[in-house]
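Scroll down for the structure; my scribbles are underneath it.
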Amino acid sequence: MSSLSWPAVVARRMRRHHLHASTASNPADVVRAMCGAHAQVLSAGEVSVALRLAKATRADVQRALWEERSLVKTFGPRGTVHLLPTDDLPLWTGALSALPRSGGVATPEMRMTAEQTAEVVEAIGGALSDADLTADELTDEVVARTGAWAGELVMPAFQGYWPRWRQAIPLAASAGVLCYGPNRGRKTTYTNPHRFAPPFQPQNGEEALSELLRRYLHAYGPATPHQFAKWLSTTPSFIAKLFQESGLEQVELDGQPAWLVEGDTDFSDEPVRGVRLLPYFDAYAVGSHPRELVFPGEASVRALAGGQAGNYPVLLVDGVVAGVWHQRLSGRKLQLTVEPLRQLKPAELRALDNEAERLGEIVGARPTLTIDKITVGPHA
């Protein structure tokens with residue numbers, strides 16, 4: 001078993017995420033390298049992608065999503081909203097459909113039979129085959145194609161209830177017949193990706209999961225079954241079997257066993273140097289492990305929320321988390337406040353100025369940078 005140094009692992013991850021020196025030519029290639037860009041807050045997802053492309057802006061990512069359709073906004077790992085390459089939909093739908101069902105059991109009044117669920121998924125796909133529809137419009141269509149039972153208000157949601165059919169939205173996405181459309185004012189719309197994607201069927205689940213594992217290890221490896229299961233939000237026991245059957249190579253990182261794709265063991269001795277500002281839920285911070293190395297020392301206090309990465313935009317120095325930051329965008333003015341966990345060196349301060357300018361370019365605003373003293377836990 002070969003032993004890998006942490007600086008070498010960080011350097012490879014940074015390069016493969018296009019965070020050191022980007023070699024990607026378009027947003028879809030960037031998102032593929034990241035294994036998806038988290039887009040629950042779409043503006044943050046757009047920044048994640050743009051900062052990995054030379055001179056790209058949010059507008060370039062929006063163009064890829066809504067005009068070129070090389071990206072699609074849909075449900076990805078952990079059941080959360082992601083940007084994914086459109087031509088990878090067969091892989092993603094096959095892999096996500098193959099995961100064990102998770103979450104609590106629906107209450108009796110909410111439940112649908114397997115036949116009813118299949119009927120709703122078919123109705124969703126049909127209703128969206130030639131239109132972008134809001135949730136209310138889609139409710140009318142699904143009820144008309146199935147029955148009044150699908151529209152019964154039985155799902156607790158916020159201060160009211162949603163109709164029964166809406167629990168099938170993630171299943172419809174995994175089946176490849178639903179994704180997000182462009183917002184209509186403040187309202188979310190859904191559409192069918194078959195309207196703009198080449199005709200496709202979800203890949204065989206076992207093959208798709210194995211390929212997704214290889215891609216994850218290419219971007220985030222070495223990793224363990226538990227870490228990959230956490231990334232997908234599924235059971236470690238299910239993933240352990242996948243690791244055994246996928247032709248992987250065991251290595252050692254920080255004294256612990258981890259795995260790579262067999263033969264993908266090329267690590268450079270040249271470390272990465274530099275400063276990056278990553279937005280909310282950037283894929284590099286969310287997918288990278290071990291947490292105690294990615295978020296060392298006080299970073300685990302300030303930049304994680306109960307062990308969960310992504311809730312805070314993070315300052316990366318030489319590939320590891322070294323602080324947090326936040327922004328205030330008002331018209332064409334961007335106020336950036338960075339809270340480093342240690343004193344930054346002159347070269348790092350200059351790099352931070354450059355990073356602030358780059359963020360300004362991405363969002364189309366003039367940046368002002370403030371470096372603030374960070375507040376850490378009582379044990380600091």
Can you tell me how far the [atom1] atom of [X] sits from the [atom2] atom of [Y], to the nearest 0.5 Å?
X	Y	atom1	atom2	answer
M112	W149	CE	CH2	6.0 Å
F196	R69	CZ	CZ	4.5 Å
S3	D254	OG	CG	9.0 Å
Q227	Y216	CD	OH	6.0 Å
N204	E211	CG	CD	12.5 Å
Y190	L178	OH	CG	7.0 Å

Please tell me whether D132 and T191 have a donor and an acceptor in their side chains that are separated by less than 3.5 angstrom.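 Yes, T191 and D132 have a side-chain donor paired with an acceptor closer than 3.5 Å.
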Hydrogens and angles aside, do S300 and E292 bring a side-chain donor and acceptor to less than 3.5 Å of each other?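 Their side chains do not contain a donor-acceptor pair, so the 3.5 Å distance test is not met.
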Under-4.0 Å salt bridge between [X] and [Y]:
X	Y	result
K55	D60	no
R12	D264	yes
R350	D353	no
E348	R342	yes
R276	D282	no
R164	E152	yes
R358	E361	yes

Does [X] share a hydrophobic cluster with [Y], counting links as ILVMFWY side-chain heavy atoms below 4.5 Å and allowing steps through other members?
X	Y	result
V72	L96	yes
L212	L89	yes
L4	V294	yes
L315	Y280	no
L42	V81	no

Set out, in order, the CA-CA distance, both residues' side-chain angles and the distance that settles side chain to side chain contact (heavy atoms under 4.5 Å, CB included) for L316 and M14, then state yes or no. CA-CA 10 Å; L316 284 188; M14 288 286 285; 4.0 Å; yes
Over all atoms of both residues, closest heavy-atom pair of [X] and [Y]:
X	Y	result
V31	L83	CG1-O, 3.1 Å
A303	V324	CB-CG1, 3.8 Å
A33	R16	CB-O, 3.6 Å
A173	F75	CB-CD1, 3.5 Å
M34	S48	CE-CB, 4.2 Å
R166	A135	NH1-CB, 3.7 Å

Is the backbone of [Y] close enough, under 3.5 Å, to the side chain of [X] for a donor and an acceptor to pair up by distance?
X	Y	value
S129	G126	yes
S97	S174	yes
S246	L248	no
H194	G176	yes
E137	T134	yes
E249	G263	yes
D372	E339	no
W325	L278	yes
T189	P182	yes

Parallel, tilted or perpendicular: which describes the rings of Y220 and H17, with under 30° parallel and over 60° perpendicular?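 Y220 and H17: perpendicular rings.
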Quick one: sort the F228 and W231 rings into parallel, tilted or perpendicular, breaks at 30° and 60°.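 F228 and W231: parallel rings.
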Can you find a heavy atom in the side chain of [X] that is under 4.5 Å from one in the side chain of [Y]?
X	Y	answer
L99	L209	yes
Y161	P156	yes
P271	D318	no
L217	L260	no
K73	T188	no
L359	Q327	no
I169	L138	no
V47	V61	no

Between R332 and R366, is a side chain to side chain contact (heavy atoms under 4.5 Å, CB included) present by the stated rule, with each step listed? CA-CA 6 Å; R332 293 185 59 82; R366 186 173 66 256; 5.7 Å; no
Are there over 12 heavy-atom neighbours, none belonging to [X], within less than 6.0 Å of that residue's [atom1]?
X	atom1	answer
Y180	OH	yes
E122	CD	no
H226	NE2	no
Q201	CD	no
Q343	CD	no
R184	CZ	yes

Is R302 close enough and on-axis enough to Y312, meaning under 6.0 Å and within 45°, for cation-pi?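 Flagged: R302 positioned over aromatic ring of Y312.
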Could you give me the CA-CA distance, side-chain angles and deciding distance for H289 and T224, then say whether side chain to side chain contact (heavy atoms under 4.5 Å, CB included) is met? CA-CA 9 Å; H289 293 271; T224 67; over 6 Å; no
With side chain to side chain contact (heavy atoms under 4.5 Å, CB included) as the test, would you mind laying out the steps for W92 and T74 before giving the verdict? CA-CA 10 Å; W92 279 98; T74 187; over 6 Å; no
